[in-house]
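A quick write-up on the structure given underneath.
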Amino acid sequence: MEAGFRLQEARVGIIGLGLMGGSLALALRGKCAGLYGVDTDPATLQLALDKKIVDRAERDPVTLLPQADLVILATPVPAIIDFLQRISSFVQKPCIVLDLGSTKKDILQAMAALPERFDPVGGHPICGKEKLGLEHAEASLFQNTPFVVTPLARTTLRARTAAEQIISSIGAHSIEMDAEEHDRALAFTSHLPFLISSAIVRALPQEFEGLIGTGFRSTSRLAGTPSHMMMGVLQSNRTNILNSIRVFRNSLNELESALQGEDYSGLEHSLDQSRTVYYSIPEN
């Protein structure tokens with residue numbers, strides 16, 4: 001398993017041809033020896049074949065995965081964990097396994113339990129759109145975006161090399177961190193914004209819907225994400241997300257308190273601090 005990995009000689013199987021898996025397939029076209037897609041939706045499989053996004057597409061992983069040198073799991077978090085628990089019945093030969101899940105701790109625990117013939121490594125591209133599905137996939141989705149790599153203690157140099165070659169080939173840049181650090185960070189940078197966006201939309205009085213401008217739309221954009229895609233994330237990262245909510249609530253309370261007390265100089269100072277932090281955030 002420590003032998004060198006060459007993406008152009010590898011047969012890659014992608015489980016899940018939605019936005020992330022489909023975009024990854026588009027970005028990898030022509031860069032590997034074979035590209036296989038597995039999805040449960042017949043319409044998605046047909047679209048993938050019609051547009052030649054993959055070389056072969058099947059509903060049953062038993063049909064394609066035995067040929068794969070690298071399997072990439074691009075489904076929601078609960079489905080990734082479920083597939084990891086079943087993959088040994090599909091693949092008998094040594095195989096690298098990489099996931100794209102939005103939380104890492106529970107996924108890496110499932111990866112750690114894989115038989116020795118598997119060489120797992122965790123991953124998470126920090127990108128996406130609220131409109132999901134293969135029809136919204138883009139080869140450029142990963143360009144100039146962070147791609148977190150979360151290796152296990154058992155992850156070999158071969159798997160690390162495979163992950164780095166995938167990341168480089170799709171135009172992303174890698175960041176290595178452990179699973180717990182990743183999940184703490186994403187609670188603030190991804191999962192909390194989704195909940196805030198949802199709360200903003202829920203708080204909107206219906207009679208004001210005709211007065212919505214670009215500010216409201218950009219702030220509430222994440223509320224358009226299908227809830228079933230986020231439930232596994234919210235459940236698997238519950239403790240970190242609850243902490244991020246508490247930190248956010250304290251910040252909102254400070255603004256409310258200043259406004260309630262007519263402390264406009266304090267309010268302006270807080271808003272100026274926020275503006276300074278905003279402009280200090282690096283662009284990808």
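None of the values given here were measured: they were computed from a predicted structure.
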Enumerate donor-acceptor pairs with a distance under 3.5 Å from any side-chain N or O in residues 205-219 to protein atoms, sequence neighbours excluded.
from, atom 1, to, atom 2, distance (Å)
S218, OG, T214, O, 3.1
S218, OG, G215, O, 3.0
T219, OG1, G215, O, 2.7

Problem - Side chain proximity check, S169 to L28, heavy atoms < 4.5 angstrom - result: yes
Practice task
Quick one: list whatever passes side chain to side chain contact (heavy atoms under 4.5 Å, CB included) with N240, sequence neighbours left out.
Solution key: D183, R184, A187, N237
Practice task
Could you walk me through whether T63 and Y36 pass side chain to side chain contact (heavy atoms under 4.5 Å, CB included), step by step?
Solution key: CA-CA 10 Å; T63 308; Y36 312 136; over 6 Å; no
Completion exercise
Sorted by chain and residue number, the ring pair (Phe, Tyr, Trp, His ring centres under 6.0 Å) partners of F147 (sequence neighbours excluded) come out as none
Exercise for the section: Report yes if the side chains of N253 and E256 come closer than 4.5 Å at any heavy-atom pair, otherwise no. Expected result: yes
Handout entry: E164 side chain reached by V149 side chain, heavy atoms, under 4.5 Å
Key = yes
Practice task
To the nearest 0.5 angstrom, please state how far the CZ atom of R221 sits from the CD1 atom of I200.
Solution key: 12.5 Å
Exercise for the section: Tell me, please, which residues at least two apart from T75 pass side chain to side chain contact (heavy atoms under 4.5 Å, CB included). Expected result: I15, A79, I80
Handout entry: Heavy-atom check, side chain of I126 versus side chain of H124, under 4.5 Å
Key = yes
Practice task
Indicate yes or no for a side-chain donor-acceptor contact from S280 to the backbone of V277 under 3.5 Å, with no hydrogens or angles considered.
Solution key: yes
Problem - Heavy-atom side-chain contact between R154 and L114 under 4.5 Å - result: yes
Handout entry: side chain to side chain contact (heavy atoms under 4.5 Å, CB included) involving R6 - partner list, sequence neighbours excluded
Key = Q8, E9
Practice task
May I ask you to test the Q92-R117 pair for a side-chain heavy-atom distance under 4.5 Å?
Solution key: yes
Problem - Lys/Arg N to Asp/Glu carboxylate O, D178 vs K104, below 4.0 Å - result: no
Practice task
For the pair S198 (side chain) and F194 (backbone), establish whether a donor and an acceptor sit closer than 3.5 Å, ignoring hydrogens and angles.
Solution key: yes
Handout entry: Candidate list L141, L19, I72, test side chain to side chain contact (heavy atoms under 4.5 Å, CB included), partner L24, passing option
Key = I72
Practice task
Inspect the surroundings of CZ in R249 and state if more than 12 heavy atoms from other residues, nucleotides or ligands are less than 6.0 Å away.
Solution key: no
Exercise for the section: Please confirm whether the backbone N or O of F5 pairs with a side-chain atom of Q165, one donor and one acceptor, at under 3.5 Å? Expected result: yes
Exercise for the section: Check whether more than 12 heavy atoms from other residues, nucleotides or ligands sit under 6.0 Å from atom NZ of K105, and answer yes or no. Expected result: no
Exercise for the section: Would you give the length of the straight line joining atom CD of E58 to atom CG of L49, rounded to the nearest 0.5 angstrom? Expected result: 8.0 Å
Completion exercise
side chain to side chain contact (heavy atoms under 4.5 Å, CB included) test vs T150 passes for just one of L108, T155, V121, namely L108
Handout entry: L47 to I53 - nearest heavy-atom pair and separation
Key = O-CD1, 4.4 Å
Exercise for the section: Could you tell me whether a side-chain N or O of T145 sits under 3.5 Å from a main-chain N or O of F142, the two making a donor and an acceptor? Expected result: yes
Exercise for the section: Nearest 0.5 Å please: distance from the NZ atom of K51 over to the CG atom of L26. Expected result: 8.5 Å
Handout entry: Option from I245, I241, I196, L222 for which side chain to side chain contact (heavy atoms under 4.5 Å, CB included) with H191 holds
Key = I241
Problem - Residue pair L70 / I166, side-chain heavy-atom distance below 4.5 Å - result: yes
Practice task
Please tell me if the side chains of Q143 and C127 come closer than 4.5 Å, counting only heavy atoms from C-beta onward.
Solution key: no
Handout entry: H269 atom NE2: more than 12 heavy-atom contacts under 6.0 Å
Key = no
Exercise for the section: Can you establish whether the number of heavy atoms outside E268 located under 6.0 Å from its atom CD is more than 12? Expected result: no
Exercise for the section: Could you identify which residues cluster with L259, counting Ile, Leu, Val, Met, Phe, Trp and Tyr as linked when any side-chain heavy atoms lie under 4.5 Å apart, either directly or through a chain of such contacts? Expected result: L255, Y264, L267, L271
Practice task
Go through the steps for V54 and I14 under the test side chain to side chain contact (heavy atoms under 4.5 Å, CB included), then give the verdict.
Solution key: CA-CA 9 Å; V54 293; I14 300 177; 5.5 Å; no
Handout entry: Donor-acceptor contact present, side-chain S244 to main-chain F188, <3.5 Å
Key = no
